[in-house]
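Below is one structure, written out as structure tokens; the observations come after it.
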Amino acid sequence: MRVTTYREALREAMREEMQRDERVIIIGEDIDAYGGTYAVTKGLAEEFGRDRVRDTPLAEGVIAGAAVGAAMSGLRPVAEIMTINFSLLASDQIINTAAKVRYMFGGQTNVPVVFRMPAGGGAQRGAQHSQMLETMYAHVPGLKVVMPATPYDAKGMLKSAIRDEDPVLLIEHELLYGVRGEVPDIGEEYTVPLNRGDIKREGTDVTLVTFSRAVHLCLQAAEELAHEGISAEVVDLRCIRPIDLDLVLDSVKKTNRAVVVEEGWKYYGAGQGIAAMIYEYGFDDLDAPIGHVTGVDAPAPYAKNLEKAAFPTHTDIVAAVKKITPVRSGR
Amino acid sequence: MRVTTYREALREAMREEMQRDERVIIIGEDIDAYGGTYAVTKGLAEEFGRDRVRDTPLAEGVIAGAAVGAAMSGLRPVAEIMTINFSLLASDQIINTAAKVRYMFGGQTNVPVVFRMPAGGGAQRGAQHSQMLETMYAHVPGLKVVMPATPYDAKGMLKSAIRDEDPVLLIEHELLYGVRGEVPDIGEEYTVPLNRGDIKREGTDVTLVTFSRAVHLCLQAAEELAHEGISAEVVDLRCIRPIDLDLVLDSVKKTNRAVVVEEGWKYYGAGQGIAAMIYEYGFDDLDAPIGHVTGVDAPAPYAKNLEKAAFPTHTDIVAAVKKITPVRSGR
Amino acid sequence: MVIRDLTLAGLNKEQLLNLHYTMLLMRHFEEKAAEGYTLGKIGGFLHLYTGQEAVGSGVNLALEPNDVVISSYREHGHALAKGVDPNALMAELYGRASGVSKGRGGSMHIFSKEHKLFGGYAIVAAQLPIACGYALSAKLLKENFVTVVYFGDGAVDEGAFHEALNLATVWQLPVVFVCENNLYSMGMAVERAWAVSSLEPRAKAYAMDFEQVNGMNALDVFQAAQKAVKRARETSRPTLIEAKTYRFRGHSMADPTAYRSKEEAEQWRQTSDPIVLFENALREAGIANTEDFKKNDDRALQIAAKAVEFADSSPLPDLQSLTEDIMVDPTGAIAWRRPR
Amino acid sequence: MVIRDLTLAGLNKEQLLNLHYTMLLMRHFEEKAAEGYTLGKIGGFLHLYTGQEAVGSGVNLALEPNDVVISSYREHGHALAKGVDPNALMAELYGRASGVSKGRGGSMHIFSKEHKLFGGYAIVAAQLPIACGYALSAKLLKENFVTVVYFGDGAVDEGAFHEALNLATVWQLPVVFVCENNLYSMGMAVERAWAVSSLEPRAKAYAMDFEQVNGMNALDVFQAAQKAVKRARETSRPTLIEAKTYRFRGHSMADPTAYRSKEEAEQWRQTSDPIVLFENALREAGIANTEDFKKNDDRALQIAAKAVEFADSSPLPDLQSLTEDIMVDPTGAIAWRRPR
Ligand SMILES: Cc1ncc(C[n+]2csc(CCOP(=O)(O)OP(=O)(O)O)c2C)c(N)n1
Ligand SMILES: Cc1ncc(C[n+]2csc(CCOP(=O)(O)OP(=O)(O)O)c2C)c(N)n1
Ligand SMILES: [Mg+2]
Ligand SMILES: [Mg+2]
């Protein structure tokens with residue numbers, strides 16, 4: 001094991017898969033000459049050539065459509081959409097084509113395409129550049145939506161996504177690229193499945209159900225809660241479609257309490273969906289209503305102080321946990 | 001009062017508002033020469049002229065963007081997106097522009113635009129023409145999402161939407177256009193607010209929470225349940241953003257049971273959001289987990305028998321209610 | 001000179017009569033489909049190809065079996081030309097298990113892996129970017145197929161047209177864009193939707209090669225397609241073809257055609273029926289006669305009628321297929337639960 | 001002949017020196033903004049206009065106060081030209097309550113109702129359809145304003161460009177599309193993104209009037225804009241202007257500019273600085289001298305410095321403003337509860 005960044009882990013995943021399989025290509029805006037908007041693809045064009053690492057004109061719709069068509073005809077494209085905010089311009093091809101063709105064409109085609117895109121706020125990028133939007137895609141049957149929080153998961157899941165025969169959205173987070181974590185040494189092959197969550201910290205009093213960058217906020221909160229005698233289990237879903245529901249339910253069975261934590265908007269968002277699933281299948285295990293920590297229900301503001309107030313912090317999580325969890329005596 | 005169709009009610013709303021306010025215009029594909037895809041706009045071009053009822057080229061992105069720009073600069077456009085399936089091509093302008101400009105420009109502009117669009121399946125139109133997708137928009141702060149089920153509500157809410165200073169999506173349903181219902185006589189002015197649900201049938205044993213075409217399925221189910229001694233209250237949300245939560249909670253306080261009924265996909269959909277809200281604010285009033293009746297989690301199939309199985313029926317609702325509601329003895 | 005050595009556009013009598021047959025098969029198939037729709041056997045939307053037969057049949061004659069065809073919801077003709085079994089095609093329209101897409105797609109979503117007829121897309125213009133992807137595969141995987149993508153004049157208005165044509169020239173993709181300009185999208189006349197009267201300046205905007213053809217003349221279409229396909233295959237360069245044509249029927253079976261006069265449509269049918277025009281040409285060239293035509297007509301009608309029989313007697317899809325084939329990976333379904 | 005009667009492009013000395021001042025204000029403002037960014041006072045993305053000053057200032061001189069300007073995230077220069085208060089502009093970049101957009105928009109979302117500078121949009125090319133909507137209002141409400149919309153060479157690649165230009169000609173909208181072709185989108189060189197070397201064939205694809213100008217020459221820009229604005233105002237017809245220019249700095253402050261050589265950028269700065277070129281022209285025409293220029297330079301620098309002071313001493317927005325102005329209707333918020 002060694003320590004590396006989320007960014008490098010993603011790049012390694014692509015490099016290894018491109019070495020392994022000639023059919024893997026990367027297309028997207030500014031992935032080559034610019035060096036990658038978040039420098040994830042840096043160096044890959046030099047290594048694999050500009051046939052396989054292709055800068056596109058600035059046009060998300062055709063990037064997505066061409067990626068889907070390429071996937072249907074033998075390539076294994078990884079399409080980078082510069083940020084999820086711009087994916088709305090590609091949403092028709094993702095939702096109306098990628099998610100549906102296998103089904104509507106009677107199973108005659110696979111669509112082994114990967115869409116990589118960063119989401120999220122927190123860098124003062126304003127209303128049009130700070131959205132999560134994962135819910136839009138997670139709602140759609142035919143897609144897989146993967147949102148890793150650590151370098152280990154990012155690498156392992158991107159490798160799985162590239163090998164997967166179905167369309168996968170790998171949603172990264174703009175503030176995670178510099179995050180460091182343990183990753184097996186180069187050459188030590190591993191993948192992470194696209195249908196399994198992961199307990200990132202064990203606990204007994206309350207279950208924090210979360211994904212993407214919020215995982216780190218939850219770990220921070222769990223640490224703080226531990227000092228106050230509350231033992232929080234952190235369940236990192238890692239993928240929200242499919243969702244590893246049993247992992248969540250088993251945890252809730254043990255803790256009898258849950259708080260769902262996400263960065264995105266609250267209403268009709270992924271978190272409400274997760275909460276509804278826990279209620280539906282785990283109603284009797286719950287001793288209290290599920291807590292829910294989310295971003296504020298507003299477009300993202302630019303000003304530093306407003307933005308700070310707009311997104312959830314570990315303090316919000318601590319407060320939400322305390323609201324539903326009695327501190328056990330004697331601890 | 002007289003009886004008219006949902007289609008005519010919508011047309012009357014536009015006609016009356018165009019008569020009342022010169023700034024109201026309609027733009028969209030095939031609204032004039034073709035006579036309106038669902039004949040909703042039929043005759044309006046002749047009546048109000050082709051300056052105010054404008055056929056557009058086949059390009060949803062610019063329809064939406066131009067409608068938003070026109071709304072920001074003094075017109076009150078009603079943009080028809082032929083179906084919600086194609087709205088994905090307009091989703092950038094709806095979500096990244098319409099929903100955000102007032103906020104991000106410091107309140108300096110209003111966006112009095114209405115997007116009308118039919119949603120839904122049930123006419124064998126296949127995977128790319130049968131979606132609900134309302135959740136995508138209801139998730140976004142800055143938008144209002146209105147989904148009337150009756151001619152009365154359709155007319156009253158479309159009139160309110162046109163007068164509203166904020167962006168409103170009025171989502172119709174392809175199978176509702178021919179539905180008939182009571183509507184006040186022409187000349188009898190009325191509107192329906194965009195933030196109030198409506199009890200479409202009173203009941204005491206269980207609350208059916210629903211919207212759009214599913215309202216009619218729920219009314220049918222309630223009728224059938226009545227014969228079996230179960231009294232179901234049908235709460236038609238009418239708008240899902242904002243949501244008239246107190247109306248739902250008051251009903252649940254009375255019945256202690258709820259079933260959410262919708263046509264769309266289950267996971268991360270509007271219904272899970274609604275269920276999560278009921279749990280969050282009405283947990284203690286619930287005697288059983290909330291039931292949930294939805295479309296099947298698959299792209300819409302074409303074949304008649306498959307399609308029939310893909311969308312919820314009143315029988316599914318009856319079954320879901322019975323699962324959580326004991327038949328009271330002595331009734 | 002022996003009669004059977006006569007050729008037109010480099011095609012011999014057999015090839016020419018095959019072309020004739022293909023058009024007739026399209027014509028009769030669509031008539032039968034219209035009947036099926038009227039009888040309530042076919043649901044949803046039904047967009048017929050009637051009037052446009054010369055385009056699909058002419059282009060197809062320029063293709064190798066290995067070449068790829070991608071189309072819109074108005075794709076029955078393209079599928080028949082590419083060799084898709086009329087029985088399986090009609091069964092798809094009928095929503096039967098024996099349909100090309102197992103009855104799950106319907107009229108708008110025809111796909112045949114075997115014949116490289118790769119869909120049937122119902123979002124206007126979405127097929128153009130998808131076709132670029134196929135062409136990219138051909139280029140990078142060094143498979144020598146050409147991708148042909150059909151679309152209408154309305155599709156030209158969408159941003160996807162612009163993005164796809166630009167990508168195709170910038171990346172030099174072996175793709176042929178065939179615009180079937182039938183003068184209307186749904187009710188929108190093309191002269192109200194475009195400020196230009198031909199697609200030529202659009203092609204120039206992307207420095208793309210362009211061919212304008214009379215879409216009612218199958219041989220003109222064939223020759224333009226031949227050039228474009230050769231260009232794509234040999235030099236990996238795209239072409240935009242504009243074929244001016246006319247749909248004899250409404251946009252779909254649900255269209256009241258209020259936006260055009262009966263006279264206009266009648267005029268086109270009388271003077272520009274691509275089958276009649278082709279028969280005249282063959283007759284004038286002394287290549288074939290009424291008897292030849294009659295034989296083809298009978299055969300096509302019979303095949304179309306048999307397709308209806310086949311479709312109508314085929315079983316509905318199994319109910320369990322409702323949730324099959326959504327994903328390759330069965331654990332990709334959201335409701336997947338851990339094995340215990 | 002008296003010196004002060006000398007004109008260039010029909011502009012007198014005062015107007016010409018104003019134009020000069022506008023460019024200098026843009027230049028100094030952006031330098032101060034860059035400093036603010038480096039100091040961490042400005043967050044998010046910061047895209048500077050440095051090098052492109054001749055375009056925004058030249059176009060603006062052709063406008064009436066009532067005319068509308070719509071732009072992208074690279075809009076500081078356009079805002080200053082339109083008369084937006086540099087203090088309120090800098091305060092917006094600093095995220096302060098006194099900013100034009102109350103600190104909620106930031107550098108990319110400048111909007112001033114008073115000056116009809118109607119945004120600052122950060123989705124590439126989204127402003128083009130929006131501008132069509134403004135022009136439609138002008139046309140239907142019989143308000144005689146012209147709408148100018150600025151965008152980059154990269155925006156041309158988006159479907160929105162195609163859809164907007166087509167709508168503008170088909171509907172004959174009084175709008176001027178100004179493409180500031182600075183040779184790169186982010187790292188994508190325009191010659192890799194387009195198969196054509198000028199936008200002229202693109203304009204022809206929509207039968208739209210076209211003007212190509214040297215975007216480093218403010219007077220050339222002014223004269224092309226004058227023609228286009230007159231055309232829009234008097235005949236309600238759109239124009240596409242392509243102004244060839246160059247951004248002296250990176251795409252944003254975060255750009256390492258790996259895709260172009262230092263020499264290339266240096267060459268542009270040395271030979272094509274629009275301010276230097278303009279000063280030379282004024283000097284050569286004998287209209288103004290170094291002293292005049294110095295005066296403008298001092299004034300612009302002072303205004304920019306004062307803007308920084310103003311911004312830096314302005315309070316942050318009130319925390320409660322986080323959820324203000326989302327909607328006009330406060331009951332439109334999802335969490336609205338019934339009054340009891
Ligand atoms: C994005 C999108 N918008 C609208 C529609 C509805 N629609 C289906 S076909 C059609 C007209 C298309 O016209 P054209 O491209 O000329 O093809 P044609 O039908 O004439 O063959 C329209 C508006 C759609 N399917 N997709
Ligand atoms: C739809 C969309 N895609 C990508 C981006 C990211 N992005 C911001 S600016 C830019 C380059 C735009 O280049 P150009 O239009 O030439 O304008 P310039 O920055 O050169 O002024 C890109 C790719 C975006 N903001 N919106
Ligand atoms: Mg057409
Ligand atoms: Mg540029």
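No experiment lies behind these values; they were computed from the predicted model shown. Heavy-atom basis, side chains included; hydrogens, waters and symmetry copies ignored. The chains referred to below are lettered A, B, ... by the order of the sequence lines, with proteins before strands, and numbering in each begins at 1.
Across all non-hydrogen atoms, the minimal contact from Pro201(D) to Ala205(C) is O-CB, 3.7 Å.
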Short donor-acceptor separations (under 3.5 Å), chain D to chain C:
unit_1, atom_1, unit_2, atom_2, d
Val156(D), O, His162(C), NE2, 2.7
Gly159(D), N, Glu163(C), OE2, 2.6
His162(D), NE2, Val156(C), O, 2.7
Glu163(D), OE2, Gly159(C), N, 2.6
Asn166(D), ND2, Ala193(C), O, 2.9
Ala193(D), O, Asn166(C), ND2, 3.0
Arg202(D), NE, Ala205(C), O, 2.7
Ala205(D), O, Arg202(C), NE, 2.7

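For chain D, the nearby part of Ala193(C) is the backbone; its heavy atoms alone come within less than 4.5 Å.
Qualifying side-chain contact (heavy atoms from CB on, under 4.5 Å) partners for Ala243(C), counting only residues two or more places apart in sequence or in other chains: Val55(C), Val213(C). Partners of Ala207(C) according to the side-chain contact (heavy atoms from CB on, under 4.5 Å) rule, which considers only residues two or more places apart in sequence or in another chain, are Ala195(D), Val196(D).
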